[in-house]
Amino acid sequence: MQDFINQLNSVQQEAVLSTEGPNMILAGAGSGKTRVLTYRVAHLLNKGIDSFNILALTFTNKAAREMRERIESIIGPEAKNLWMGTFHSIFAKILRNEHEKIGYPYNFTIYDTQDAKNLIKSITKELGLDDKLYKSNMVYSRISAAKNNLISATAYSNDASILSEDKRMGKPEIRRIYSIYETRCLKAGAMDFDDLLFKTYEVFKKFPDVLLKHQQLFKYILVDEYQDTNYAQYTIVKMLAKAHNNICVVGDDAQSIYSFRGANIENILNFQKDYSNTQSFKLEQNYRSSKNIVAAANAVIAKNKDQFQKDVWTDNDQGSRIKVVKTKTDNEEGKAVANKILNLKLEKQLENQQFAILYRTNAQSRSMEEALRKLNLPYKIYGGLSFYQRKEIKDLLSYYRMTFNPNDEEALKRIINYPTRGIGKTTLDKLILTSNKNNKSIWEVISNIDSYETGIGNGPKLKIKNFVTMILSFGSELFRKNAFDLGQHIASHTGLLKDLYDDKTPEGISRYENIQELLNGLKQFSAQEESSNTPSKTLDKFMEDVALLTDADNENQDDYNKISLMTIHSAKGLEFPYVFIVGMEENLFPSQLSVNSRSELEEERRLFYVALTRAEKAAYLSYAQTRFKFGNITYAEPSRFISEIPLDYIEMPEVNPPRNYAGTRLAESNSFVSRSPIPPGKKLVSLEKAEKQTQTSNTTETAKRSPVIKEGQTVEHLRFGRGKVISVDGIGPNKKAVISFGKHGQKQILLKFAKLKIVG
DNA sequence: GGAGGCCTCGGAAGG
DNA sequence: CGAGGCCTCC
């Protein structure tokens, strides 16, 4: 540990050693930011600062975990006591300690965005408002924005300019929805993500003693990715730092890409004004990328007006110029990228994990996936539906939530009739009506159902009582069983496990497996149990973490050597030797919604900067001339960002004649432009047909290698075992077979996905 | 209560 | 195009 300092360059060293007062570290892309942060904390501890007195805030669990692990490897288990985590998890911890001050139970539930939107939907409905006008997404983002700007429901209702804006949009009732939303959350003992920030602010503001306590506790404060902070985060940090004034923020204004969710780049641009006598450090040496990439990225970002002057440079090799690839269609683009990856792999003996394909929108992943699948290139997609958002997982978690907080209404609404127990929509509506009328939670109503005028008949009433008894029985086990035992008990006792087990469709099987995975997680959690008479790893403790987890926290072991596919947003903070940035088209990247405002266009440019600077050795840009958008073919122009890269650093595609792209070993399949399915001059209508023809001919091509499935054959399926092919239907990628699998019954199987082996 | 048909709408996304 | 919401019909 003694000479960790020597591993740093001189600016990095200064940034680590300058522990007192306000410090701002501007960290260019790939400049060793994490290293500086971890060493800075290690240095503080080394100096004798108590780990309990250090607060380090990040935006993602992953960043917090990585930092903690690295610090632990330097200074040992002492690192466990650091206050290190995401804004949300640290503030949730504070709020659980101070729950009484805001009238919440200790075990408050954290509503995710889906819960919050569902609640908004039901409020809109109960108020009899038009749900086309008051779309839950829109209302949610309005409320969220208000909270992130520390505007309470009351303040919202009294703010003339907000009200007139709502009125102008024809939506004057948002204030009412907001205010009822707040009441309902309180009644349910629930907070949404924004509340974790907003209520922390409120507690600090209303209770100076609580603020003072935390100001004294957090003698040293660090904030990572400061350019991504919103007003609430900015304000709370400022409040906390007031006493000791030891605040260090780290960030890069050039990588601010989250303004659409409230991040305010001004926070970092104004840091020196906010905190007098700021020491600032610029980490400008890039350790990640080639000279060529650094130069190209610098040239791009220089087009932005508002930024700190930075001079990012590197000692790395010159590297090759950025290559631009042009294809006729989005599917061709996918093929070109996949072919290029295959070539590079063979040519340079590379691993899959050295490649990333980055795109602006999730929808673009499809053409990439198809092409990769055809070449048998393993890939992993980040983003999309998260594990914790899956229906079956949310259902089971809803039971868990109700076990320790039965007032949780969104959980109750999900499970009161799942698995089916005869408490239908009509009954639920009556319950909601009664609970609203009496200003009680639904749980309070159903657990004393006889004392309310609900208009519910005796049949359903009995079923409700059984449901209540069941939930109560789970609650009584909460502190007697550990998380796994109770979790398992709930999964089976509710009938949820059996319900999923009985479903033998592939989706059903996967749902069952997901539940098993969740239970495995519980098992691991409970295994950390200390030896004592009462379990400490109880279900409610497990749930404290779960609400704040995301998919990125669930890295799968067998996913490690795969090509990464993700949006540029989720690539921030990552690096790959070879990076493909696809869909470089006007109205896609930059997005159509951004091209009319300077600030939004600048944010898109920062996004492009982030994308480029992910690359270590080489970056490839590609664009298609036509692309399927919402089922229609649209024409596209190459992105303006391509032309913002000086010609010294980039290789443009040769328009005429079409030529192969770089490596030529697999010349035939490696061409980027020569495989156009459309003869020049043909009209648009024929495009779709032509596309289909290519797909068909490709299938014939692959047929040489993979078996042709025919009627009457016996085949073996990974999951269903042996079966007989009844019929084959469709062409190209849509080719599917009806196969009879004995005890699993008849299945329709898309051949392009299924791994079928011909047995006879 | 659930399956299936019709309609609508579409950005990026951590906690 | 395709996911999700809503409605209808059984």
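The basis for the numbers below is simple: all heavy atoms, side chains too, and nothing from hydrogens, waters or symmetry mates. Proteins get letters first, then strands, A, B, ... in listed order; numbering begins at 1 in each.
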Measure [atom1]/[X] against [atom2]/[N] and give the value in whole Å, please.
X	N	atom1	atom2	value
A/Tyr140	B/dA13	OH	P	15 Å
A/Gln114	B/dG15	CD	P	17 Å
A/Asp131	C/dC7	CG	P	9 Å
A/Lys425	C/dC7	NZ	P	8 Å
A/Phe630	C/dA3	CZ	P	14 Å
A/Met138	B/dC9	CE	P	13 Å
A/Asn118	C/dG4	CG	P	13 Å
A/Lys132	C/dC7	NZ	C1'	12 Å

For a quick check of understanding: with a heavy-atom distance under 4.0 Å over all strands, which category does [X] fall into, base, sugar-phosphate or nothing?
X	result
A/Arg366	sugar-phosphate
A/Phe59	sugar-phosphate
A/Thr567	sugar-phosphate
A/Leu358	nothing
A/Lys572	nothing

*Is there a side chain to side chain contact (heavy atoms under 4.5 Å, CB included) between A/Leu607 and A/Gln255 once you walk through the steps?*
CA-CA 7 Å; A/Leu607 194 56; A/Gln255 294 184 63; over 6 Å; no

Is there a side-chain contact between [X] and the phosphate of [N], meaning an N or O under 4.0 Å from OP1 or OP2?
X	N	value
A/Arg421	B/dG1	no
A/Thr420	B/dG2	yes
A/Asn632	C/dC1	no
A/Ser594	B/dG11	no
A/Ser570	B/dA13	yes
A/Asn417	B/dG2	no

_Rounded distance in Å between the P positions of C/dG4 and B/dA13_ = 16 Å

*For B/dA12 and C/dG5, measure between their C1' atoms and round to the nearest Å.*
23 Å

Identify the pairs formed between an N or O of the protein and an N or O of nucleotides 4-7 of chain B at a distance under 3.5 Å, and give each distance.
none

*Determine, using ring centers only, whether A/His569 and A/Phe260 are less than 6.0 Å apart.*
yes

Less than 3.5 Å apart, any donor N or O on the side chain of [X] or [Y] sitting next to an acceptor on the other?
X	Y	value
A/Asp192	A/Tyr181	yes
A/Ser367	A/Asp330	no
A/Asn137	A/Lys117	yes

*Starting at the 5' end of DNA chain B, which residue's closest nucleotide do you reach first, A/Lys135 or A/Asn230?*
A/Lys135

_Proximity to the side chain of A/Asn362 - top-ranked nucleotide from B/dG15, B/dA12, B/dG11_ = B/dA12

*asked:* Of the listed nucleotides (B/dG15, B/dA12, B/dG11), which one gets closest to any side-chain atom of A/Glu600?
replied: B/dG11

*May A/Tyr258 be described as stacking on the base of B/dA12, applying a 5.5 Å centroid limit and a 30° limit on plane angle?*
no

*With centres under 5.5 Å and planes under 30° as the test, does A/Phe260 stack with B/dA12?*
yes

*asked:* Other residues, nucleotides and ligands only: do more than 12 of their heavy atoms fall within 6.0 Å of CD on A/Glu637?
replied: no

_Neighbour count >12 (heavy atoms, 6.0 Å) for atom CZ, A/Phe204_ = yes

*Is A/Arg401 paired with A/Glu409 through a side-chain N to carboxylate O contact shorter than 4.0 Å?*
no

_I'd like to know if the side chain of A/Asp408 reaches the main chain of A/Ala411, judged simply by a donor and an acceptor atom lying under 3.5 Å from each other, with no hydrogens or angles considered._
yes

*Can you find an N or O donor on one side and an acceptor on the other, under 3.5 Å apart, linking the side chain of A/Glu604 with the base of B/dG11?*
yes

